[in-house]
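Everything below concerns the one structure shown next.
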Amino acid sequence: MTLRTKQRLDVPLTIKSVTDTGEFEGYGSVFGVKDSYSDIVMAGAFAKTLADWKAKGSMPAMLWQHDPHEPIGIYTDIKEDDVGLYVKGRLLIEDDPLAKRAHAHMKAGSLSGLSIGYWLNDYDYDGSKDAFLLREIDLLEISLVTFPANDAARVSNVKSALADGVLPRPSDMERLLRDAGLSRTQAKAFMACGYRALDQRDAEIKGALDNLVNTIKF
């Protein structure tokens, strides 16, 4: 399935090393592992976007908490290997107080994640794995974040997609439905067949749908 929709991919920050001068390396994504949101990044998902960045002679931005006004360093190497998306970067700790702060937290282990801002170009759903397989990801930026996964980010994803005039990713919508109070079966039925799949005379379902509307209201 092809669906160009802006998203965030939140992953634990697995640091292999971090130096006193701000260089670090690790993995921003691991292939073939089902995360808590039922997404699986497939090997090769970053191949095209990395080739595009290389052709431009540039790298995705290194941001703090997805804030475009807060770049804190540069990536010097991003590539796919057998494990996942390997990243190597340098925090500008000599010139940027925020980068110095991020570096201190990274060394202390209190900076817990990376979050990738991207366009999702291609994915499909695998019923046998009950997971969404992310097959092509177009990297925009890679942020250092305090919390790599949260409900607010999921709501933000849906709002961002709606604001851009595109459909939110089905996985985000299904999870929002479940957060709003629908059962897993009801949420899947809704995603498959829409409102007609639900008995809206059921007070609990009506309450859940009202809650969802209020949650994503602009």
Side-chain angles (χ1 to χ4, degrees), residues 6-37 39-121 133-154 156-157 160:
K6 194 174 183 180
Q7 300 289 339
R8 280 164 49 177
L9 176 64
D10 301 316
V11 297
L13 177 58
T14 305
I15 294 294
K16 294 179 62 179
S17 67
V18 54
T19 70
D20 290 339
T21 53
E23 289 85 5
F24 69 93
E25 60 179 313
Y27 285 93
S29 180
V30 177
F31 297 139
V33 176
K34 182 177 177 180
D35 67 15
S36 60
Y37 290 162
D39 288 332
I40 299 176
V41 178
M42 306 301 291
F46 299 98
K48 184 178 184 303
T49 191
L50 294 179
D52 291 342
W53 280 106
K54 183 176 181 179
K56 291 187 291 186
S58 185
M59 289 278 189
M62 182 191 299
L63 301 180
W64 175 252
Q65 311 286 357
H66 291 291
D67 188 340
H69 303 293
E70 295 289 3
I72 56 173
I74 59 171
Y75 287 105
T76 55
D77 192 16
I78 304 176
K79 63 185 179 183
E80 286 193 356
D81 61 17
D82 292 339
V83 177
L85 183 69
Y86 167 87
V87 299
K88 186 174 183 179
R90 177 166 58 89
L91 293 160
L92 301 179
I93 59 176
E94 297 295 328
D95 304 302
D96 188 337
L98 184 54
K100 186 174 182 178
R101 177 180 162 202
H103 178 244
H105 282 288
M106 187 180 289
K107 291 197 71 176
S110 54
L111 194 66
S112 61
L114 285 176
S115 187
I116 299 172
Y118 68 98
W119 291 102
L120 179 61
N121 288 343
L133 310 182
L134 310 188
R135 299 190 180 279
E136 186 181 318
I137 289 172
D138 187 1
L139 280 176
L140 302 175
E141 49 91 4
I142 307 176
S143 289
L144 297 174
V145 297
T146 309
F147 303 106
N150 56 66
D151 291 338
R154 184 157 63 248
S156 177
N157 284 347
S160 176

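Here the structure is a predicted model, which means the values were calculated and not measured.
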How would you list, by chain and number, every residue that makes a side chain to side chain donor-acceptor pair (under 3.5 Å) with Lys54, sequence neighbours excluded? none
Roughly how far, to the nearest 0.5 Å, is the CG atom of Leu134 from the CG atom of Asn121? 11.0 Å
Side chain to side chain contact (heavy atoms under 4.5 Å, CB included) assessment of Lys48 paired with Glu136: CA-CA 8 Å; Lys48 184 178 184 303; Glu136 186 181 318; 3.5 Å; yes
Under the rule for salt bridge (charged side-chain N to carboxylate O under 4.0 Å, His left out), what residues qualify as partners of Asp67, not counting sequence neighbours? none
Between side-chain atoms of residues 98-105 and protein atoms elsewhere (two or more places apart, or another chain), which donor-acceptor pairs fall under 3.5 Å?
from	atom 1	to	atom 2	distance (Å)
His103	NE2	Thr19	O	2.7
His105	ND1	Ser110	OG	2.7

Which is it for Lys56 and Asp52 under the salt bridge (Lys or Arg N to Asp or Glu O under 4.0 Å) test, yes or no, and what are the steps along the way? CA-CA 6 Å; Lys56 291 187 291 186; Asp52 291 342; over 6 Å; no
Does a side-chain heavy-atom distance below 4.5 Å link His66 with Ser115? yes
Report the residue from Leu92, Leu91, Ile93 that forms a side-chain contact (heavy atoms from CB on, under 4.5 Å) with Ile72. Leu91
Going by heavy atoms in the side chains, are Glu141 and Met62 under 4.5 Å from each other? no
Side-chain contact, heavy-atom cut-off 4.5 Å: Ile142 with Val87? yes
Salt bridge (charged side-chain N to carboxylate O under 4.0 Å, His left out) against Asp20, all qualifying residues, sequence neighbours excluded: Lys107
Under a 4.5 Å cut-off applied to non-hydrogen side-chain atoms, are Phe46 and Ser29 in contact? yes
Test side chain to side chain donor-acceptor pair (under 3.5 Å) applied to Tyr86 - qualifying residues, sequence neighbours left out: Glu25
Point-to-point distance, once rounded to the nearest 0.5 Å, from CG of Leu144 to CZ of Phe24: 5.0 Å
Once you round to the nearest 0.5 Å, how far does CE of Met59 lie from CD1 of Ile74? 9.0 Å
Identify the two heavy atoms, one from Leu139 and one from Thr49, that lie closest to each other, and give their separation to 0.1 Å. N-OG1, 3.0 Å
By side-chain contact (heavy atoms from CB on, under 4.5 Å), which residues pair with Val33, not counting sequence neighbours? Val30
Here the pair of heavy atoms bringing Gly44 nearest to Phe31 is N-CZ, 4.2 Å
Check whether any side-chain heavy atom of Trp64 sits under 4.5 Å from a side-chain heavy atom of Ser143, and report yes or no. no
Test side chain to side chain donor-acceptor pair (under 3.5 Å) applied to Glu80 - qualifying residues, sequence neighbours left out: none
To the nearest 0.5 Å, how far apart are CG in Leu63 and CD in Glu70? 9.0 Å
Note, Trp119 side chain near Leu140 side chain (heavy atom, < 4.5 Å): yes
Side chain to side chain donor-acceptor pair (under 3.5 Å) filter on Arg135, not counting sequence neighbours, yields Asp124
More than 12 heavy atoms from other groups under 6.0 Å of CG on Asp81: yes
Using a 4.5 Å cut-off on heavy atoms from C-beta on, say whether the side chain of Leu85 contacts that of Val41. no
